[in-house]
Amino acid sequence: MKKEIAKILITGPFNSGKSTLIEFVSDEQHTSNDVETTDELAQFKALTTVSLDFGVLHVDDTLDVHLFGTPGQARFNFMWQTLSKGALGTVFLIDSSNQRAIDEAKQMYQFYRETSTMPIIIAATKQDLSSAQSLASIATTLGVAEESILSCNPCLKDDSKKVIIALLELIIKEESVSEAFF
Amino acid sequence: MIKAKKIFQQLPLLRNIIINKRTGSLFFRFKPEGIVQRISMTQKKITGIDIDTYLPQLFSLPIYEYGWSSKITLTPDSYSDAITATVCGTIDQVQWQPKTQLTLKKSFSMLPAIQVLNRRPEIIWPDMKAYATLYNFAKRAENATPANFLALANDNDEETRFLKVLVMAYCLGFITSKSSQTSNIALRILERIRKV
């Protein structure tokens with residue numbers, strides 16, 4: 001029997017924990033194409049994903065979920081646009097402790113909202129660091145309600161699961177509105 | 001004061017009854033003080049008015065009350081193909097006012113992306129060209145919403161034809177939401193992810 005493939009995107013600016021999240025919620029994770037950071041981001045992170053992170057979660061005999069982690073720079077937005085075709089939804093991770101990442105997140109998020117109506121769940125990482133901005137502050141920057149941003153530590157399996165679960169619940173909620181007619 | 005029900009509040013009920021082959025009565029009245037009329041959905045006509053009288057009125061008059069009663073119980077076997085054939089024929093023949101057309105267009109434009117389940121419907125639909133256009137559109141379009149389908153119409157006449165095929169396919173269950181599958185898939189993943 002041919003397996004169905006569902007697609008979930010994990011995106012967000014550099015160093016926000018995308019690769020780690022995929023690792024925790026996948027049965028298989030394929031090697032990231034991490035290379036040494038060469039531009040001005042090198043001061044923040046030694047390695048960064050230039051191609052794709054990819055994980056597979058086996059749901060049952062007839063369904064697999066493919067999790068795609070997109071590169072963490074706004075200049076790679078076109079890859080998100082390509083990958084988003086047919087995707088169920090997107091997890092958007094933001095490093096709360098880095099102003100530059102938050103500024104980049106604003107740019108990326110605006111792009112996503114202008115080009116797609118797919119459900120997106122926003123999760124702020126590194127909230128435990130003293131330099132972290134509050135959820136309210138990040139929400140203001142992105143122009144969304146504070147309640148729509150989760151706090152997440154991708155290094156904790158339960159937190160990673162929590163974000164994916166929140167995305168799936170959002171997808172079901174949004175679909176239920178239109179399903180009233182069907 | 002009872003407010004008139006919009007067309008698109010009634011169509012989902014009609015669709016639900018038809019595709020689930022529910023037996024019973026669809027009842028409705030056009031005025032608050034009006035007579036409650038019934039259509040048996042087990043055969044074309046038992047009491048009240050025919051469905052081919054009801055549907056044109058549905059597309060021309062506000063309905064003040066409508067609902068469903070399953071008190072009439074006839075065997076599901078008696079659910080006649082005449083119901084679908086009559087719905088189909090009536091929608092084909094109905095003449096609706098520009099205002100109704102606009103209301104229907106707005107209502108259908110709210111629907112999400114659709115898929116067409118049957119390449120050829122199991123009924124006689126005179127405008128098979130419009131049906132084929134709908135089928136091919138839903139199969140190929142990246143965002144196969146009814147709004148995008150209606151936008152393909154070159155003129156008002158074609159928009160009417162496209163709208164009629166949408167209404168017919170909706171009521172008879174030939175189209176469904178792509179999102180129904182999405183929810184189902186999301187639920188299955190949700191169950192799985194909780195066990196990770």
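Order of the sequence lines fixes the chain letters, A, B, ..., with proteins taken first and strands second; residue numbering starts at 1 for each chain.
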Item to complete: Please step through side chain to side chain contact (heavy atoms under 4.5 Å, CB included) for the pair A/V59 and B/I185, ending with a clear verdict.
Response: CA-CA 10 Å; A/V59 175; B/I185 287 170; over 6 Å; no

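Among A/L57, A/L167, A/D158, A/I164, the residue making the largest number of heavy-atom pairs under 4.5 Å with chain B is A/L57.
Within 6.0 Å of NZ on A/K162 lie more than 12 heavy atoms contributed by other residues, nucleotides or ligands. For A/K161, the NZ atom is densely surrounded, since the number of other residues' heavy atoms within 6.0 Å is greater than 12. Crowding of A/K157 atom NZ: a count of heavy atoms from other residues, nucleotides or ligands under 6.0 Å not exceeding 12.
Under a hydrophobic clustering in which Ile, Leu, Val, Met, Phe, Trp and Tyr are joined whenever their side-chain heavy atoms come within less than 4.5 Å, directly or via other members, B/I175 and B/L152 fall into the same cluster. Note on A/F78 and A/L9: same hydrophobic cluster, where clusters join Ile, Leu, Val, Met, Phe, Trp and Tyr whose side-chain heavy atoms are under 4.5 Å apart, directly or indirectly. Residues B/M168 and B/M128 share a single hydrophobic cluster, defined by chaining ILVMFWY side chains whose heavy atoms lie under 4.5 Å apart.
Proximity to chain B is limited to the side chain of A/V65, based on heavy atoms less than 4.5 angstrom apart. Residue A/L88 touches chain B through its side chain alone, counting heavy-atom pairs closer than 4.5 Å. Contact of B/L187 with chain A is made through backbone and side chain together, with heavy-atom distances under 4.5 Å.
Nearest heavy-atom pair across A/E169 and B/R194 is OE2-NH2, 3.3 Å.
Side chain of B/R192 to main chain of A/D60: no donor-acceptor pair is present (N/O by atom type, distance under 3.5 Å, no hydrogens or angles).
Distance check: A/I8 CD1 to B/I189 CD1 gives 5.0 Å after rounding to the nearest 0.5 Å.
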